[in-house]
Participant: 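Let me give you the structure first, and then I'll get to my questions.
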Amino acid sequence: MEIVGVIVTAAWAMLPAYVPNNVAVLAGGDKPIDGGRTLGDRRLLGDGKSWRGTAVGTAAGLALALLLSELAPTASDLVGHQLPTFPVLAGLGLAFGAMLGDIAASFLKRRTGRERGAAFPGLDQLDFVVGALACVRLLSPEWTEATFTGPVVLVVLVFTPLLHVVANVSAHAIGLKDEPW
Ligand code: CTP
Ligand code: MG
């Protein structure tokens with residue numbers, strides 16, 4: 001596949017993983033997943049990881065995957081490349097995995113002494129990508145191998161941090177997010 005095909009495939013296939021954490025920012029705020037528990041003298045995860053944010057974010061990512069599946073034929077014609085449809089398990093793996101990666105990062109942040117909202121450069125930009133790819137690989141292995149070829153994964157790993165920075169600085173600028181990361 002040539003480079004344009006690789007890039008449009010990467011962007012398309014990752015959309016259900018990009019959306020959940022952003023929707024969680026809008027939906028979050030109820031009961032924390034860790035129930036206020038601590039490990040040592042710090043919270044297990046913190047108030048920034050809520051049940052509602054996680055559930056609504058995951059549902060939004062899955063819904064988007066199903067919508068993209070419907071649009072795939074038309075979108076493929078438009079860009080001149082065969083874009084993948086998403087089996088339910090693939091959509092779920094991408095969406096829930098993205099949330100899980102972000103939750104795991106919060107766990108690491110608290111263990112390394114970072115308060116809620118503190119930045120952890122590198123981890124902040126890639127936690128959800130690693131979570132999404134690991135989870136979708138587990139839930140839908142054949143689809144994942146066919147879709148996320150070596151070059152596609154490479155493009156995802158290079159472009160996602162850039163996209164993440166732009167999205168979060170924008171969300172902060174318009175007042176949706178407390179911090180620009
Ligand atoms: N959010 C949520 N549930 C999640 C992820 C996010 O409710 N699983 C909501 C929370 O309101 C959170 C906001 O989205 O404060 C921003 O998310 P994020 O930046 O990931 O959390 P932080 O508050 O920065 O907390 P942490 O330092 O633990 O990442
Ligand atoms: Mg944060």
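Both ligands and their constituent atoms are indexed starting at 1 by order of listing. Throughout, numbering of the chain's residues begins at 1 and tracks the sequence.
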Participant: Quick one: which of K49, E115, E179 has a heavy atom closest to atom 18 (P) of ligand 1?
Facilitator: K49
Participant: Please enumerate all residues that pass side chain to side chain donor-acceptor pair (under 3.5 Å) together with D178, with sequence neighbours excluded.
Facilitator: none
Participant: When you compare the side chain of K49 with that of M99, does any pair of heavy atoms fall below 4.5 Å?
Facilitator: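 Not touching, per the 4.5 Å side-chain cut-off.
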Participant: Any nitrogen or oxygen of G48 lying under 3.5 Å from a nitrogen or oxygen in ligand 1? Just yes or no.
Facilitator: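 So ligand 1 has an N or O lying under 3.5 Å from an N or O of G48.
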Participant: Do ligand 1 and S50 have nitrogen or oxygen atoms that lie under 3.5 Å from each other?
Facilitator: yes
Participant: Taking only heavy atoms of K177, which atoms of ligand 1 are found under 4.0 Å from at least one of them?
Facilitator: 19 (O)
Participant: Check this for me - ligand 1, G117, N or O atoms closer than 3.5 angstrom, yes or no?
Facilitator: yes
Participant: At under 4.0 Å between heavy atoms, is it the side chain or the backbone of R114 that contacts ligand 1, or both, or neither?
Facilitator: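 It is neither; nothing of R114 touches ligand 1.
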Participant: Is R52 near ligand 1, meaning one of its heavy atoms is under 4.0 Å from it?
Facilitator: no
Participant: Between D47 and ligand 1, does any nitrogen or oxygen pair lie at a separation below 3.5 Å?
Facilitator: no
Participant: Please write down residue, atom name and distance for the protein heavy atom closest to atom 8 (N) of ligand 1.
Facilitator: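 Nearest protein contact, heavy atoms only, for atom 8 (N) of ligand 1 is T54 OG1, 2.9 Å.
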Participant: Are I3 and F159 connected into the same hydrophobic cluster when the rule is that any two of I, L, V, M, F, W, Y join if their side-chain heavy atoms are below 4.5 Å apart?
Facilitator: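 Result: yes, single cluster for both.
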Participant: Give a yes or no on whether the backbone of A27 and the side-chain of R52 come within a donor-acceptor separation of less than 3.5 Å.
Facilitator: yes
Participant: Charged N to carboxylate O below 4.0 Å: is that the case for R110 and E115?
Facilitator: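 Answer for the salt bridge query: no.
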Participant: Can you tell me the protein heavy atom closest to atom 9 (C) of ligand 1 and the distance?
Facilitator: A24 O, 3.4 Å
Participant: To the nearest 0.1 Å, how far is atom 16 (C) of ligand 1 from its closest protein heavy atom, and which atom is that?
Facilitator: V25 CG2, 3.8 Å
Participant: Compare every heavy atom of G97 with every heavy atom of C135, then report the nearest pair and how far apart it is.
Facilitator: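 Residues C135 and G97, closest heavy atoms: CB-CA, 3.5 Å.
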Participant: Do F86 and W143 have their ring centres less than 6.0 Å from each other?
Facilitator: yes
Participant: Which of the atoms in ligand 1, numbered in the order shown and given with their element, are less than 4.0 Å from a heavy-atom of M99?
Facilitator: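 Atoms satisfying the 4.0 Å criterion: 8 (N).
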Participant: Could you tell me if the side chain of E145 sits less than 4.5 Å from the side chain of R137, heavy atoms only?
Facilitator: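 Heavy-atom side-chain distance check passes, below 4.5 Å.
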Participant: Numbering the atoms of ligand 1 from 1, which are under 4.0 Å from a heavy atom of R110?
Facilitator: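 Listed by number with element: 26 (P), 27 (O), 28 (O).
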Participant: Under 6.0 Å from the six-membered ring centre of F120 and within 45° of its axis: does the NZ or CZ of R114 meet both?
Facilitator: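 Positive - R114 is close enough to the ring of F120 and near enough to its axis.
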Participant: Flag S106 as yes when one of its N or O atoms lies below 3.5 Å from any N or O atom of ligand 1, and as no otherwise.
Facilitator: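 Among all N and O atoms of S106, at least one is under 3.5 Å from an N or O of ligand 1.
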Participant: State the atoms of ligand 1, each with its element, that fall below the 4.0 Å cut-off from a heavy-atom position in D102.
Facilitator: 5 (C), 20 (O)
Participant: side-chain contact (heavy atoms from CB on, under 4.5 Å) for L44 and T38? Distances and angles first, verdict last.
Facilitator: CA-CA 5 Å; L44 205 55; T38 54; over 6 Å; no
Participant: Quick check on the 6.0 Å ring-centre criterion: do H164 and Y18 meet it?
Facilitator: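 Aromatic pair excluded; centres sit 6.0 Å or further apart.
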Participant: In terms of atom number and element, which parts of ligand 1 are under 4.0 angstrom from non-hydrogen atoms of R116?
Facilitator: 11 (O), 12 (C), 15 (O), 23 (O), 25 (O), 27 (O)
Participant: Does ligand 1 have any atom that is closer than 4.0 Å to a heavy atom of G29?
Facilitator: yes
